[in-house]
Protein chains: 2
Amino acid sequence: MTSAPQPVPEPDQRLSLVFSALADPTRRDIVARLTAGDATVNELAEPYDVSVQAVSKHIRVLEDAGLVSRTRDAQRRPCHLEAGVFDLMTKWIERYRRAAEDRYRRLDAVLEQMDAQDAPPVPTPRTTKEADAS
Amino acid sequence: MTSAPQPVPEPDQRLSLVFSALADPTRRDIVARLTAGDATVNELAEPYDVSVQAVSKHIRVLEDAGLVSRTRDAQRRPCHLEAGVFDLMTKWIERYRRAAEDRYRRLDAVLEQMDAQDAPPVPTPRTTKEADAS
DNA sequence: AGCTCATTCAACCGATCGGTTGACCACGCG
DNA sequence: CGCGTGGTCAACCGATCGGTTGAATGAGCT
């Protein structure tokens with residue numbers, strides 16, 4: 001019963017889980033240390049001055065976010081970093097980063113144009129609506 | 001200059017703020033919409049069925065994380081997306097993504113070697129099992 | 001069978017979060 | 001001048017979070 005089917009949430013909710021998981025410094029540190037290789041809960045818990053249970057909870061959060069997977073090795077539960085999730089984040093970030101930079105460049109051009117001429121009919125790169133995520 | 005100098009937190013804390021800010025779907029959506037151009041609080045609040053105050057709070061969180069900046073235009077406070085913060089995230093992510101992938105590849109090689117030692121006849125079928133969850 | 005180590009479950013606690021409502025401030029305009 | 005508009009501040013509320021302690025489960029070792 002410990003292993004439910006794990007429904008794999010849809011990407012938006014997944015993003016929430018991932019970002020939320022990485023919002024905690026301890027959890028980020030755990031991820032960082034896991035890049036050096038798999039580790040057990042006790043090994044991971046050792047450097048921090050919190051209880052093992054607390055670290056176990058952290059790992060659960062990382063697991064729910066899909067950042068970490070675990071196997072069984074006797075009574076140990078080694079944690080393994082899942083590199084795949086990073087792509088999800090990178091995709092999200094890159095999309096908007098690029099859009100933002102493009103816009104910035106465009107605005108820059110507009111400003112230059114406005115500067116070159118004097119008072120063009122364009123009021124401001126006003127925007128309001130538009131932009132749909134998903 | 002409505003408030004204190006805004007000390008600009010050190011990068012680790014900053015990362016926490018950024019990830020935490022993006023952990024909320026509404027806030028992510030606001031960011032997404034801001035890539036289409038600056039917008040006021042009321043404009044941003046319009047699509048959601050929450051109060052304007054709630055959206056104002058969301059924007060404050062994004063601002064504290066350095067994801068958006070604001071200027072004054074009469075009584076309006078247009079929000080502007082700050083593209084720079086994305087770099088911070090991308091750097092963090094890329095670092096560990098690459099490390100994780102390298103490690104994966106290395107492990108793969110080790111496994112192959114172990115396999116070869118045991119069963120040398122087959123000259124490496126070369127079916128690098130890639131990550132299925134992506 | 002016991003014992004011990006590794007991990008998790010369960011209950012609890014204070015702090016923070018996302019949301020509300022109501023009052024308040026800062027403009028610009030008639 | 002008063003008033004409406006855009007936005008924020010303040011207090012409050014339920015839910016969740018990160019942490020604790022204490023007890024339970026699971027798997028090896030004599």
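Residue numbers start from 1 in every chain, and the chains themselves are labelled A, B, ... in the order their sequence lines are given, proteins ahead of strands.
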> How long is the line joining CD of A/Glu46 and C1' of C/dC5, in whole Å?
Replying inline: 16 Å
> Between B/Asp24 (CG) and C/dC17 (P), how many Å, whole number?
Replying inline: 11 Å
> Do A/Arg28 and B/Phe19 come within less than 4.5 Å of each other through their side chains, counting heavy atoms only?
Replying inline: yes
>> Side chains of A/Trp92 and A/Val18, heavy atoms from C-beta outward: is any pair under 4.5 Å?
In response: no
> Does A/Gln75 get its side chain close enough to the base of C/dA6, under 3.5 Å, for a donor-acceptor pair?
Replying inline: no
>> Measuring to OP1 and OP2 of C/dT20, would you say a side-chain N or O of B/Ser51 lies under 4.0 angstrom away?
In response: yes
> Does A/Glu63 come within less than 4.0 Å of A/Arg60, counting only side-chain N to carboxylate O?
Replying inline: no
>> Closer than 4.0 angstrom, basic N to acidic O: yes or no for A/Arg97 and B/Asp87?
In response: yes
> Of A/His58 and A/Asp73, whose nearest nucleotide on DNA chain D comes first from the 5' end?
Replying inline: A/His58
>> What is the distance, to the nearest angstrom, from the CZ atom on B/Phe19 to the P atom on D/dC17?
In response: 18 Å
> Where the side chain of B/Arg70 is defined as all heavy atoms beyond and including C-beta, which of D/dT8, C/dG28, C/dC5 is the nearest nucleotide?
Replying inline: D/dT8
> Quick one: B/Asp29 CG to C/dG18 P, roughly how many Å, whole number?
Replying inline: 15 Å
>> From NZ of A/Lys57 over to C1' of C/dA10, roughly how many Å is that when rounded to an integer?
In response: 9 Å
> Pick the nucleotide of DNA chain D nearest each of A/Arg27 and A/Arg72; which residue has the one closer to the 5' end?
Replying inline: A/Arg27
>> Ignoring hydrogens and geometry beyond distance, is the side chain of B/Gln53 in donor-acceptor contact with the base of C/dG22 at under 3.5 Å?
In response: yes
> Could you give the OH-to-P distance, from A/Tyr48 to D/dG19, as a whole number of Å?
Replying inline: 11 Å
> Taking only N and O in the side chain of B/Asn42, is any of them less than 4.0 Å away from OP1 or OP2 of D/dT5?
Replying inline: no
>> Is it true that B/Arg95 and A/Thr35 share a donor-acceptor pair across their side chains at a distance under 3.5 Å?
In response: no
>> Please determine whether a side-chain nitrogen or oxygen atom of A/Ser56 lies at a distance below 4.0 Å from atom OP1 or OP2 of C/dT8.
In response: yes
>> D/dG28, OP1 or OP2 - any side-chain N/O from A/Arg76 closer than 4.0 Å?
In response: no
> Starting at CG of A/Asp49 and ending at P of D/dT21, how long is that distance when rounded to a whole Å?
Replying inline: 12 Å
> How close or far is atom C1' of C/dT16 from atom CD of B/Gln13, stated in whole angstroms?
Replying inline: 15 Å
